[in-house]
Each structure stands twice: as C-alpha cells, then as structure tokens.
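Each remark here refers to the structure printed beneath this line.
Letters go in sequence order (proteins before strands), and every chain restarts at 1.
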Amino acid sequence: MDIPSKYDAKSVENKWYDYWMKHGFFRSEPDEREPYSIVIPPPNVTGVLHMGHMMNNTLQDVLIRRARLNGYNACWVPGTDHAAIATEAKVVAKLKAEGIEKSDLTREEFLKHAWDWTHEYGGVILEQLKKLGCSCDWDRTKFTMDDDMSASVIKVFVDLYEKGMIYRGYRMVNWDPEAKTTLSDEEVIYEERQGQLYYLSYAIEGSDEKVTIATTRPETILGDTAICINPNDERYKHLKGKKAIVPLANRAIPIIEDEYVDVEFGTGCLKVTPAHDENDKNLGDKHKLEVIDIFNEDATLNSNGLHYEGKDRFVVRKEIVKELEEKGFLVKTEDHVNKVGTSERTKAIIEPRLSDQWFLKMEELVKPALEAVLDTKEIKLFPSKFENTYRHWLENIRDWNISRQLWWGHQIPAYYYGDGEKDFVVAENADEALAKAKKQSGNEALTTADLQQDNDSLDTWFSSWLWPISVFNGILEPENKEIEYYYPTNDLVTGPDILFFWVARMIFAGYEFRGKKPFSNVYLTGLVRDKQRRKMSKSLGNSPNALKLIEEYGADGVRVGLLLSSAAGNDLLFDEALCQQGKSFSNKIWNAFRLVKGWEMADIEQPEYAVTAIKWYKNKFQQTLKEIEDQYSKYRISDALMATYKLVWDDFCSWLLEMVKPAYQQPIDEKTYREVIAIFEDNLKLLHPFMPFLSEEVWQLMEERTPEDALIVSKWPSQTDFDTEIIKNFDFASEVISGIRTIRKEKNIAFKNGISLSLINNEKADSVFDTIIKKMGNIDELSYVDEKVDGALSFRVKSNEYFIPVSGAIDVEEEIGKLEEELSYTEGFLKSVQKKLSNERFVNNAPEKVVAGEKKKETDAIAKIATLKERLISLK
RNA sequence: GGGCGAUUAGCUCAGUUGGUUCAGAGCGGCUGGUUUACACCCAGUAGGUCGGGGGUUCGAAUCCCUCAUCGCCCA
C-alpha cells in the first residue's frame, strides 16, 4: 500500500462523520448503562459558527467522546435558541431593506416573516458543528420555539403566576429605544463616555434668588418635579419649603430635603426627574412627587417636551443647551466622564423608563441556587474562582423583568377582559383563559372575542433557563422515562459571560421545577481573543472564518489548536500558529502509522532491546494515563491534551519507535510488531476525544474492522499498576544517550559512524538498558571499566563516568576547561547544601524526609567532585 | 465608587496543603543534521534576581502587609 507522506484531513473527515452517523454512534436512548449527558448551550438559530462556539463545542465533544469510550450511555443534546431581540432586529432590518415597516404588519404577518427567516438561515450553525466533528445526538435537535418547548415555557409561566411568583408592576425598567423593548439588568452594558456636566440656574418663586443645579441630562429638566437639597447642607437651609421655577417650562416645583443628596457632587443641589432616573424615582416615591414622562417609546420627546416634541433626546440635548444659554439659564459647563448603559444587542443608549412589565420574584429561587454552589457543592464551578462572582450576583439580585416588547418569542399568556388594572387572567390557552375570566369577573357572557392577550413576549432566557429539563420534556411530562434517565445532566460547558443570564437561572429552574440540580459541573471557558487581546468580533473583523480554518488545518488540527492553550476560565489568545501545531501533530501521528505499516514481519527472535523498550513504554503509558485521568477529573483539558501530546510525540514516536525500529530494510519480529500495534491502538484511544477523525482513520487502516469495532465505540484503556523503577532506569539511560549525542555533535561524529563507550558504574546503574544505549547511540562496543580511559572524551551522569575514545588527539585544554567548570558548579552546589545541613534549626525543624534528601544531595555531590578531581589530575 | 482575580523564560501558561531535581511545559529562538516514517522532521542548546518593597519562617514563586500595573464583575 502506498500511503502519502502527508495526512490529508479533507478527504477523510466527511467519510468518518457519515460513517458514525450511519451506524448511529451518536444516538442515545435510555438503557441499562449509566447515562452521561450534556446539553449544548443553544446558539442563536440564525447565527454562524465563531471561534467561541468552536472552542466551547470542541470541549463538549471531548467530554462526550471520552464518556462514550468509558462505557457511559453518552448523550449530547443539540439545539438552537430563538434569540428574541437579535433575531427580531435582523428580521426588522431585512424587511426595512425591502421597504416594509414592522409597524405596517400585524403580529401574525410579522411572525410569518420571522419564521421564513428562521427556516432559511436556521440551523446553519448546526451543520458547521458537524464539520468540527461534534458527536451530538442529532435526532434530539431542539429549538426553543418548537411546540413542546413553547408549551413548557407557557406552563411554567402559569405555574409561577399561580404560586404568586410572577407579578405585574409599574416599574423603572431599562428601555432600549431602538428595539423599543425593555431589557433585563443583565442585558445592559455600562460604558464610560465623555460627557458634560451642565450647571443650570433655577429661579426661586417669589424672590430674586436663584439656585444652581448640576446635571448631565439637561433635556430632562422638562420632566423635573422637584429640587432636592441635603438637610445638613447649611448653604441651602433657607430654601426649605420654597418652590423653584423650571426654566423654559415655567413650572413651579417643590424644594425637598433628603440625605440622599451628595453635598460634594456638583453644587450639592439636585434636580429630581422621577420618570427618567431610578434614584429620582425612589426619591419621588418617598416624597410623593408628580411623575412627568417626557419621552415617546423611541426616545423622542412627547408633548411634555413643549416645542421639542418629536425630536430625538440627543438632538434636544444640544438644542436645549443652546436655548438655556441664550436665555441666561446656563451658568457653566464642565467636562465629565459618566457611565452610560447601552443595550447588549442594539448598542443603543438605555433610557430608564417607567412602564408596566412582568416580573419574576427572585428571593425564593435564589436560596437553593446559592446553597448548591457555595455550601453543599452539589454543583461545582470550574474554575472555582467564579464562585465569588456568582455569590455576589445572587446576593444582590433584583426581581427579573421577564417581559419584552417584541413579537418574536413566547407571547405572555395573560388575557385581559376589561380595562381595570386587575382585569386579566393567566392561562395556558384561550379556552382556559375564558373559563378563568368568567369566574374571576362573574360575567358569564364573556366570549373569546372579549379576551385580549398581552402583546408582550417573554425574555429569551425565560425559555432557555428550562433547557436541561425541557429538552427531555420534563416540564410537560415530569415523570417520563427520558427525564428520569438523563436528568440531572453531568457537565455544562459555556462562557462566563452568560453565568448569570443562563447558568444561574438554569440552576434556579432545576431546583424549582425538578427539585434537583440541572448539572453537576460547570466548565467555564475563557473568551477567545486575538493576539492583541481584543475580543473577537465581527465589527473588528478579527475573527477568523471557522470553516476556512478547518479546511486549512483539518478539524483535528483546529481542535488541538484551540485546546492547547485554553485552560478553564482563562481567555484564549487565538493564534493560527496553534492550529498549525495541531496539524503538525496530525501529520506526526500519520507518519508514525506509515512507519509501522511499512514494516515487514519475519519469523525471527525478539531482540532484547525491543523487550525492554516495550516493557518501559507500557509502564510509561500507565504513568501518563494516571496523570491524564487526574487532569480530566479536574477539567484541565488542555493539560490532558498536552500530556497525551508528549506521550505520543516524545515517548512513543521519538523513543519507542526509534528503539524498536529494525535496521534499514530489515524485517521486524512478529512479537514486537504485534505489541507495537497494540500500543498504537491504546494511543489512538487517548487521542480520539481530541482528534476524532485522524484517530478513526488510522484505527481503520490498521486492520479490517466491523462497525462494532470502530474506535469511537471502543473501550478506553484501563488503569493498572506500573513500575516506577523501570521508568527511572529509562530516564537514566536517556541521559546517557543524550550525553553521547552531545559529544557526537560537538566532535562532528556522524551517527552512522559507530563508536565505543566505556563506563565506570559508580551508581551501580541497572544494565537493562545497555542494549538500548548501544542501539540509540550507535555504540559498537560497550564495556564496564574500573579505571579512567586516557585519551578519551568523557561525560558524567550523576556519579557515573562515560568515556568515548576518539581517533587522533583530543583537545586536552578544552576538556580541562569543561571539567573545571563542572567542578566549580558542583562545589558551589555542595557548599549551599552543607550550609543548610549545618544549620541546627533546619536539621531540628525540617521533616526527616527533607533532611534525608539534603544529605543524599551532599553524598552525591561529594562523589561527583571526587571523580571530577581524579579526572583532572589524570589529564594534567 | 464597591467587589474579585491576576502579575513566573521572547510568547502562552503550569507550579496542588510553604520543603526531594540550585523554578517546569509548549511554542518561538539559536546550532547542527535530509539515501533509510515525518523539514508539518530529528538531535543538541540558550533563556527567568518568580511585578517592586517589607514581614512571618530553619526554609517563600507559594502565607501576611504595602505599592505599582492589568483584567473581570457590579453600581
């Protein structure tokens, strides 16, 4: 068979993915095995794969493939999220481009467009995940707006309402004037902006006096309903009980007192606009102030805005400052940096706004969620540093505003039958609503036509917080076989940016609706950044095209590249060079396979070096496997990969294969061959979670396999005891080989020229690796001697001395120089050890083990110094 | 403004409860090497007063204090 020297990822990836799919290896159904389940963090249904997804899903695939190899019934549930604001915004923009305004459409018409859009672009991202090798159970693919998923959301809403946990309130909310909807606190991003502080002069009613206030938002003076001073502020005491006149509006407003006012800020005198500021609203409630809302829903001014009606808030800010200045109300302006809230999705500046919204009480939901993560550790966060952040958020949480003024999403199941504030019912459908409405109103004549369903829809997260339950239909049929089997799920892999949006809320939902945690472990990945530490984003254009990367480096190469430097919770500075490293690794494994595959077997005796080499590798493999298991258990996936990488590249390829390799064009004995193949197979199993395609390809090329024998469903190597002695002996031998190589290099002795080696075995080193030293160093003759060999080059490993005689004169001066350097270094080392040992307090206080270690160092150093000195004398 | 975390080799990071190797890895660098699996390779090698200062201890990258710089979360 002629195998190309370069691994060609493109030609094999689709082949194996189809094969795995065809044989249903990703499929999971409840059976007698122990389950291992993961639910995917559902990406935006119309989104495309970006680096964050790639990393996130690679990690999930590693976990799920490893679980599968470990004999679990592995189930990875894929799906997508309807992403209310983002998707609605895209559809609105698309319609606009076609000359259609959303306001010209009915809800039904708009939803039809939205569904068309979803069907056209929906699920592209899932196809991309397949290219990456993700082994999701695609038959389970869910969408947050599937009928059953929607029904779950509505049922939960009704339940919570009936429990008194959902209420309607007239509250200050975060208003996105661009999307014309409210946002939850978590969807607001605070940014520092350079602005100005305007000092405005208000006249005092019935006097010539004026008072100056400082504000960052001069346009809101039209909504002012009070001036507030601190009662402890001597400067303004005389104003108590008086009234001030709002400039331009000429309204008289009361001057109130409250300790809330910071006397240090501005002039120590505050204008109060209850309709447009959270703190002012609180003041207003406390002092029973009038509320004047000056904005429309798109943040243009309404009729309270006088002659500014219809103009945008920022246009008005400029114009009103000009007018105030012209009319003498503007005292001065100062530069001022302030934090403004912006919409996570539309980037619009958030306007605090009073409106009727739906809220979910948080107080009770938070308790079990805090306990599970911080006390019982029923749910573990990796890395644990996020526990602090989690605690802080949960302890300061406010009720969750769950209504959105959007059409794309789950419509709130509240039905109004009258104009009164309480003339509504909450029900799962119109029929039930009618029955409830009749009962509640006492009006038996009501018909469905009299009911008006709430126009708002629910926050996207109000559906995704149910995800681990609803994908198994655990809301509608709480005792079905699937939910009982797969829930709680095992691991969740997601970014820390949605720790609050999603993770915490799933924990709330899990305890509230199942009385159980939704998952046991949460692995929080870092954000993917570019080399300059900038977040990957479309606007910066610094996000590489995911599919192009796969094409260039192979899915396995990209997976390895992403995992190599992605310690949990640490940001990943993405560099394509890492994918190149992954690709090189693929090629390395490929070529190891080519080498082994090319060997001719013969009925010859197994050489001693091969016996030893294989014995060593088997122990080394076990040692590494133990390490890898430990790293997996701590979710240190990149460390597990690095350990695998070094095992395969260094120990397997560079050492084992070189050690057992037959001479050029010579056959290999059958026993060694079989053992190397078995070892190779075990390596492939360790590699499979990271590099599924390459490992399966090599596995299948090794021999004919039935589908049941495919690598993806093979058995993970089991752990056994291992002998550390042989590993130590090997390490010693490898230092000897290294010494030989160094001398060869320094003296320009080509490897093909055999040399002889003599040694004084002060260390009483085991001779078991001698045949290997001979082979790896191309040593013709290896002899044990008692005396120094004159006229030979030498090196030392611990206190052992090695001599390589060379033809012609050796450079005595150079040799002496080297020896002296080594001697002075060792003497310095001995001195520091002896200093420690002569310190009584050290000897008395340090543990015996440590003292013994130091004494051993002392003995070794003394022995080495002796050999060095003797050698020097013989040369001089 | 409040809270949390970080600062170790040119880069990205390990370093577990303070103590066996006078601090480790990968990448990159440098030097040499291609008839004999792989130059997407092999071999060898250099590189760090563990951010600064102080303290506790027989002993500190590790614990405490302080300063500096950076990041994240919240208001």
Subject >> Pair assignment for RNA chain B - dot-bracket with | for other-strand partners, Watson-Crick or G-U under 3.5 Å >> reply: (((((((..((((.....[....)))).(((((.......))))).....(((((..]....)))))))))))).

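Counting heavy atoms from C-beta outward, A/Leu686 and A/Phe621 have side chains that approach closer than 4.5 Å.
The list of side-chain hydrogen bond (donor to acceptor under 3.5 Å, both in side chains) pairs with a residue in residues 582-595 of chain A, not counting sequence neighbours, reads A/Gln580-A/Ser584, A/Asn591-A/Arg594.
Summary of the strand contacts: A/Ser654 and A/Arg398 both lie near RNA chain B, and taking for each the nucleotide with the nearest heavy atom, the more 5' one is attributed to A/Ser654. If you find the closest nucleotide of RNA chain B to A/Lys752 and to A/Ile737, the one lying nearer the 5' end belongs to A/Lys752.
Across all strands shown, A/Glu658 has heavy atoms under 4.0 Å from base atoms, whether or not it also approaches the sugar-phosphate. As judged by a 4.0 angstrom heavy-atom cut-off over every strand, A/Ser586 is placed among residues making no nucleic acid contact. No contact: A/Arg744 has no heavy atom under 4.0 Å from any strand.
Here A/Asp399 pairs with nothing under the salt bridge (charged side-chain N to carboxylate O under 4.0 Å, His left out) rule; sequence neighbours left out. Shown here are the side-chain contact (heavy atoms from CB on, under 4.5 Å) partners of A/Asp650, two or more places apart in sequence or in another chain: A/Lys646. A/Asp630 pairs by the side-chain contact (heavy atoms from CB on, under 4.5 Å) definition with A/Ser633, A/Lys634, not counting sequence neighbours. Residues passing the side-chain contact (heavy atoms from CB on, under 4.5 Å) test with A/Thr494 are A/Pro41, A/Leu492, A/Ile498, A/Trp502, A/Val503, A/Leu524, sequence neighbours excluded. The side-chain contact (heavy atoms from CB on, under 4.5 Å) test applied to A/Asp258 returns A/Cys228, A/Tyr260, A/Leu283, A/Lys286, A/His287, not counting sequence neighbours. Residues satisfying the salt bridge (charged side-chain N to carboxylate O under 4.0 Å, His left out) criterion with A/Glu552, sequence neighbours excluded, are absent altogether. Every salt bridge (charged side-chain N to carboxylate O under 4.0 Å, His left out) that A/Glu629 has, sequence neighbours left out, goes to A/Arg66.
When each of B/C38, B/U45, B/C74 is scored by its nearest atom to the side-chain atoms of A/Ser5, the top-ranked nucleotide is B/C38. Nearest to the side-chain atoms of A/Gln580 among the listed nucleotides B/C40, B/G44, B/C38 stands B/C40. Candidate nucleotides B/A14, B/U16, B/A39 were compared by shortest atom distance to the side chain of A/Lys634, and B/U16 ranks first. Of all nucleotides listed (B/C74, B/G32, B/C42), B/G32 comes nearest to the side chain of A/Lys745.
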Original post:
When every nucleotide of nucleotides 23-30 of chain B is labelled 5' to 3' by its protein contacts under 4.0 Å (heavy atoms), B for base, S for sugar-phosphate only, - for none, what sequence of letters results?
Top reply: --SSS---

Less than 3.5 Å apart, which donor and acceptor atoms pair up between the side chains of residues 658-669 of chain A and the rest of the protein, not counting sequence neighbours?
| unit_1 | atom_1 | unit_2 | atom_2 | d |
| --- | --- | --- | --- | --- |
| A/Glu658 | OE1 | A/Lys661 | NZ | 3.4 |
| A/Asp669 | OD1 | A/Thr672 | OG1 | 2.7 |
| A/Asp669 | OD2 | A/Lys671 | N | 3.3 |
| A/Asp669 | OD2 | A/Thr672 | N | 2.8 |
| A/Asp669 | OD2 | A/Thr672 | OG1 | 2.9 |

Any N/O pairs under 3.5 Å between the protein and nucleotides 3-9 of chain B? List them or say none.
| unit_1 | atom_1 | unit_2 | atom_2 | d |
| --- | --- | --- | --- | --- |
| B/C4 | O3' | A/Asn388 | ND2 | 3.2 |

